[in-house]
2 protein chains.
Amino acid sequence: MHAEPRPIEHQQAEAKQLESSFKVACSNCNLRELCLPVGLSTDEMQQLDGMVASRKKIKQGGHLYSSGDAFTMLYAIRTGFFKTCVVSEDGREQVTGFQMAGEIIGLDGIVSDKHNCNAIALEDAEVCVMPFNHVEDLSRQIPMLQRHVHKIMSREIVRENGVMMLLANMRAEERLAAFLLNLLQRLHARGYSKSELILRMTREEIGSYLGMKLETVSRTFSKFSEEGIIEVKQKNIRILDHDKLKAIFNASTC
Amino acid sequence: MHAEPRPIEHQQAEAKQLESSFKVACSNCNLRELCLPVGLSTDEMQQLDGMVASRKKIKQGGHLYSSGDAFTMLYAIRTGFFKTCVVSEDGREQVTGFQMAGEIIGLDGIVSDKHNCNAIALEDAEVCVMPFNHVEDLSRQIPMLQRHVHKIMSREIVRENGVMMLLANMRAEERLAAFLLNLLQRLHARGYSKSELILRMTREEIGSYLGMKLETVSRTFSKFSEEGIIEVKQKNIRILDHDKLKAIFNASTC
DNA sequence: CGTGGCATTGATATCATTCAAGATCTGTGG
DNA sequence: CCACAGATCTTGAATGATATCAATGCCACG
């Protein structure tokens, strides 16, 4: 995922001048179509540049935030891959999502002013830090941003509806097929191949997300592999038969 | 879903008197602590009265909205009980939630400007109809309302995180205990008994929500009944041992 | 007072889990 | 560069929880 330098001399000059502030400018970010509303005026775009207070690097395994932490920030993922998970009183961990570049993380904290889950980097990562107060202030000034924030939250609600369907109704093979197809689709939107991916999470984390044990995840991968649907080499997955994968996902009677 | 009528005569009298003239006034609604932000000025309160465009009655079994419908409105439930459910391509239905008085419904539609699930009345119901454009306009003027809308959406996200945990990690007994405790707690917040409730949904709908078959729901009710934890008479449930129910919910090793 | 929807209960089947052993990979220090 | 340890993954066999199939009972409603 490389940034394409914009060949606009004026901006480059400006960039040198404003080195530090440029660093956090949304208007120049190659992820802005994923993060931000489209169709903003230049004026509004400049206002938005102030939304990101800073950037933060998280090492693999590090916590971006933890359950119970005070909530004040939302984060836009710039690079890297995260998982979010809740932990029950008796210690059971449930992965509630995997997040990648361009996605917004931290919405769980709004309701109670403290975070309700852990956000953990699955690889070295960098995020844009957005004070939520500031997001709200700007939302009041820029209706398109307001709508965008609402859509992001609604999207998360709808996504979780889908996961509920998956957990409640589907069998192991369907779950894993749905999981792979979802990852592929999101990676494709970011310019990656439709037929290859590298899993950044362990079998156990996949299993937690999908409501199955790591052994079952492994067995199901092996089954798909035997059937010539995918090729599995540890965390490297190659899709050999996309249609078959879709058929498994759709089929209730199979 | 009332086990006991609310013994607040004053409010009942008021409701009758002002039935027509204050038909859509939030400021006089006895549910406002549930629906609306607290601590608004009188001015702001009056502004909010304009948020509800109308009321709408839904008969038992009727659809408030259906998947695919254009999204323009949010709804605040005034009376009655709803379920929301998504239906997969192959026809499997998944109940994603049960909603009662004071709760907001329709958030699923924001992301794609059309609804992503069905909202069906489980008993005769009445809702306040709130054009979403109007909610957004007012949110820009009243920061406390803006924050409130964000909290409602965040709450839904966190709720669904909990359901994911339940579906992925818990056994039938734990799921049903969690379900009952959640209903009791929400009904209690509305002035109903902590030890009695009437289920407005069928065993099949409970099962769908909890990821189990209706027979398993029935068996689990019977088991709780045999153990003296609850008393089951069709849809009437009496809680005999609240602590035991909590213990089942919390216990992983039981 | 029947009819249809809903709920209960039993017997059996099935899918995923559990327990266990071994294989593979990764990173680290000698 | 190799050897080793810990983490992760794979695979097999036995077990168990829930689903499925089937029969019956109960209740509400016309």
Side-chain angles (χ1 to χ4, degrees), chain A residues 59-61 83 92-95 120 122-124 166-180 198-227 230-237 248 251-254, chain B residues 59-61 83 92-95 120 122-124 166-180 198-227 230-237 248 251-254:
Chain A
K59 282 238 171 301
Q60 180 171 16
K83 70 170 176 180
R92 281 178 282 192
E93 178 178 303
Q94 171 64 30
V95 173
I120 298 169
L122 297 178
E123 58 181 349
D124 290 358
L166 182 148
L167 289 171
N169 279 307
M170 295 189 184
R171 309 202 283 94
E173 291 171 41
E174 298 177 80
R175 293 182 198 191
L176 195 64
F179 171 74
L180 288 175
I198 300 173
L199 300 171
R200 301 264 109 109
M201 67 294 283
T202 66
R203 303 289 191 261
E204 186 166 20
E205 286 161 339
I206 296 172
S208 173
Y209 183 59
L210 298 178
M212 47 208 256
K213 295 295 154 190
L214 70 95
E215 294 96 328
T216 309
V217 174
S218 182
R219 272 185 247 275
T220 309
F221 271 132
S222 298
K223 182 146 191 280
F224 285 176
S225 186
E226 283 162 27
E227 290 170 351
I230 63 175
E231 197 179 287
V232 183
K233 252 190 213 153
Q234 295 293 123
K235 308 221 166 188
N236 299 273
I237 310 285
I248 290 173
S252 63
T253 53
C254 169
Chain B
K59 283 239 171 301
Q60 180 172 15
K83 70 169 176 181
R92 280 178 284 192
E93 178 177 301
Q94 172 64 31
V95 173
I120 298 169
L122 297 178
E123 59 181 347
D124 290 358
L166 181 147
L167 289 171
N169 281 306
M170 295 188 184
R171 307 202 284 96
E173 291 171 39
E174 298 176 80
R175 294 183 198 190
L176 195 64
F179 171 73
L180 288 174
I198 300 173
L199 300 171
R200 302 259 100 116
M201 68 294 282
T202 66
R203 302 290 190 261
E204 185 165 18
E205 286 161 339
I206 296 171
S208 172
Y209 184 59
L210 298 179
M212 45 208 259
K213 295 293 154 189
L214 70 95
E215 294 96 328
T216 309
V217 174
S218 183
R219 273 185 245 275
T220 309
F221 271 131
S222 297
K223 182 147 190 278
F224 285 175
S225 187
E226 283 162 26
E227 289 170 352
I230 64 175
E231 197 179 287
V232 183
K233 253 190 211 156
Q234 296 291 123
K235 308 221 165 190
N236 299 273
I237 309 286
I248 289 173
S252 63
T253 54
C254 170

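Predicted model only: the values in this text are computed from it and were never measured. Residue numbers begin at 1 in each chain, while the letters A, B, ... track the order of the sequences.
The interatomic distance linking A:Glu226 (CD) with D:dT10 (C1') rounds to 11 Å, in whole Å. Rounded to a whole Å, the CG atom of B:Leu122 is 15 Å from the C1' atom of C:dC6. Straight-line distance from the CE atom of B:Met170 to the P atom of C:dT17: 16 Å, rounded to whole Å. Atom pair A:Ile237:CD1 and D:dT10:P shows a separation of 8 Å (rounding to whole Å applied). Between the P atom of C:dC6 and the CZ atom of B:Arg203 lies a distance of 12 Å, rounded to the nearest Å. In this structure, A:Lys213 places its NZ atom 19 Å from C1' of D:dA13, rounding to the nearest Å. Between the CG atom of A:Leu214 and the P atom of D:dT11 there is a distance of 13 Å, rounded to whole Å. Rounding to whole angstrom units, CD of residue B:Glu205 and P of C:dG5 are separated by 15 Å.
Here the straight-line distance linking atom CD of B:Glu173 with atom NZ of B:Lys223 works out to 3.5 Å at 0.5 Å rounding. Summarising the geometry, atom CZ belonging to A:Arg171 is positioned 10.0 Å from atom CD1 belonging to A:Ile248; distances are rounded to the nearest 0.5 Å. Taking CZ of B:Arg203 as the reference point, atom NZ of B:Lys235 lies at 7.0 Å (rounded to 0.5 Å).
When the nucleotides C:dT18, D:dC9, C:dT9 are ranked by their closest atom to the side chain of A:Lys235, D:dC9 comes out on top. The side chain of A:Arg171 has C:dA16 as its nearest neighbour among D:dT18, D:dT10, C:dA16. You'll find that the side chain of B:Met212 is closest to D:dA19, out of C:dA16, D:dT10, D:dA19. Listed nucleotides: C:dA16, C:dA7, C:dT8. Nearest to the side chain of B:Thr202: C:dA7. Nearest to the side-chain atoms of A:Glu215 among the listed nucleotides C:dC19, C:dC25, C:dA7 stands C:dC19. Nearest nucleotide to the B:Arg219 side chain, out of C:dT17, C:dA7, C:dG10: C:dG10.
A:Gly211 comes within 4.0 angstrom of sugar-phosphate atoms only, judged by non-hydrogen atoms across all strands, and of no base. Using a 4.0 Å heavy-atom distance criterion, A:Ser218 is classed as a base contact.
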For residues 208-220 of chain A, tabulate all N or O donor-acceptor pairs below 3.5 Å that involve a side-chain atom, not counting sequence neighbours.
unit_1   : atom_1 : unit_2   : atom_2 : d
A:Ser208 : OG     : A:Glu93  : O      : 3.3
A:Ser208 : OG     : A:Val95  : N      : 2.8
A:Tyr209 : OH     : A:Arg159 : NH1    : 3.0
A:Thr220 : OG1    : A:Thr216 : O      : 2.6

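Close to C:dT17, at under 4.0 Å from its OP1 or OP2, lies a side-chain N or O of A:Thr216.
A donor-acceptor contact shorter than 3.5 Å links the side chain of B:Arg92 to the backbone of A:Asn169.
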